[in-house]
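Report on the following structure.
Count residues from 1 along the sequence.
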Amino acid sequence: FLQRVVPLLAPRKVRFALAGNICKVDSLFDASACPPNCEMVKLGFIDDVDRACAESRVGVAVVTAGSGIKVKTVELCLRGMPIVSSDHGVEGIPVTLNGSVNIDRDSDADIVCRISDWLDSRQRADEDGREQMRQVAEQFSPQRALSPLLKAIGDCATE
């Protein structure tokens, strides 16, 4: 994100808040790691994720490795935030075209346009984030997620 996206947004100043264990990665806070148009803020461990998300316009879920569903990506989506992500970060998650930017697939011009729209308009960011939140919440609802398991249990019980 820092190398691929933030420089595209220059000269716009970007404030990038980090929460959790990533705050312990000192190399992220070296002057050479952070583009000049970016201010990095260490939140550390936060008790109120909802508040932190409410104070933000865009969530960043650029994941480079790992397997399975990316819980942080889902959490951002379920909090109604539009997100900047990667192919790996949204794998298995039904993000919407309006609610997400994919740095592995979208053009530089599209990335700048979409993020700028979200940063310039709280209303646009909220609308795009809420649409995505509804879709992700529906796909990950207990009824939908557990229905195959419940069906299998029911089939076993009738045998």
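M81 and V58 make their closest contact through CE-C, 3.4 Å (heavy atoms, listed as atom of the first residue, atom of the second, distance). In terms of heavy atoms, C38 sits closest to F16 at SG-CB, 3.8 Å. The two residues V112 and L9 have their closest heavy-atom pair at CA-CD2, 4.2 Å. When all heavy atoms of A33 and S27 are compared, the closest pair comes out as CB-O, 3.3 Å. When every heavy atom of P7 is checked against every heavy atom of L2, the shortest pair comes out as CD-O, 3.1 Å. In this structure, A125 and P82 approach most closely via the heavy-atom pair O-CD, 3.5 Å.
Other residues, nucleotides and ligands contribute only 12 or fewer heavy atoms inside 6.0 Å of the CG atom of L97. The number of heavy atoms from other shown groups lying within 6.0 Å of CZ (R122) is above 12. Heavy-atom neighbours of E55 CD from other residues, nucleotides or ligands within 6.0 Å: above the threshold of 12.
Ion pairing of R134 with E138 is absent here, as no side-chain N (NZ or NE/NH1/NH2) approaches a carboxylate O to less than 4.0 Å. Residues D128 and R124 are paired through a salt bridge, judged by an N-O separation under 4.0 Å between the basic side chain and the carboxylate. A salt bridge is defined here as a Lys NZ or Arg NE, NH1 or NH2 lying under 4.0 Å from an Asp or Glu carboxylate O, and D110 with R105 fails to meet this definition.
Using a 4.5 Å cut-off on side-chain heavy atoms (C-beta onward), V62 and R4 make no contact. Using a 4.5 Å cut-off on side-chain heavy atoms (C-beta onward), L76 and K70 make no contact.
Judged by distance alone, the side chains of Q123 and E127 do bring a donor and an acceptor atom under 3.5 Å apart.
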- request: Could you give me the CA-CA distance, side-chain angles and deciding distance for I83 and Q132, then say whether side-chain contact (heavy atoms from CB on, under 4.5 Å) is met?
  value: CA-CA 10 Å; I83 62 167; Q132 181 163 262; 3.9 Å; yes

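Note on V63 and I103: separate hydrophobic clusters, where clusters join Ile, Leu, Val, Met, Phe, Trp and Tyr whose side-chain heavy atoms are under 4.5 Å apart, directly or indirectly. Under the 4.5 Å side-chain heavy-atom criterion for grouping Ile, Leu, Val, Met, Phe, Trp and Tyr, V6 is connected to V60 within one hydrophobic cluster. When the side chains of ILVMFWY residues are joined at heavy-atom separations under 4.5 Å, either directly or via intervening members, I46 and V41 end up in a single hydrophobic cluster. Cluster annotation: V25 and M40 are assigned to the same hydrophobic cluster (Ile/Leu/Val/Met/Phe/Trp/Tyr, side-chain heavy-atom contacts under 4.5 Å, transitive). Linking Ile, Leu, Val, Met, Phe, Trp and Tyr residues whenever their side-chain heavy atoms come within less than 4.5 Å places V14 and F29 in a single cluster.
Between the side chain of Q135 and the main chain of P94, a donor-acceptor pair closer than 3.5 Å is present. With hydrogens and angles ignored, the 3.5 Å screen pairs no side-chain donor or acceptor of K42 with any backbone N or O of G20. Counting only distance, with no hydrogens or angles, the side chain of S86 and the backbone of D104 share no donor-acceptor pair below 3.5 Å. For N37 (side chain) and R12 (main-chain N/O), a donor-acceptor pair under 3.5 Å exists by modelled atom type.
Note that SG of C113 and CG of L8 are 12.5 Å apart. Values are rounded to the nearest 0.5 Å. Between K72 atom NZ and S85 atom OG the span is 14.0 Å, to the nearest 0.5 Å. Rounding to the nearest 0.5 Å places SG of C53 at 10.5 Å from CG of L78. M133 CE to T96 OG1: the interatomic distance, rounded to the nearest 0.5 Å, is 11.5 Å. Here NE2 of H88 is found 9.5 Å from OG1 of T73. Values are rounded to the nearest 0.5 Å.
Listed by chain and residue number, nothing satisfies the salt bridge (charged side-chain N to carboxylate O under 4.0 Å, His left out) test with R57 (two or more places apart in sequence, or in another chain).
Between R114 and the choices L119, V84, V101, the side chain to side chain contact (heavy atoms under 4.5 Å, CB included) rule is met once, by V101.
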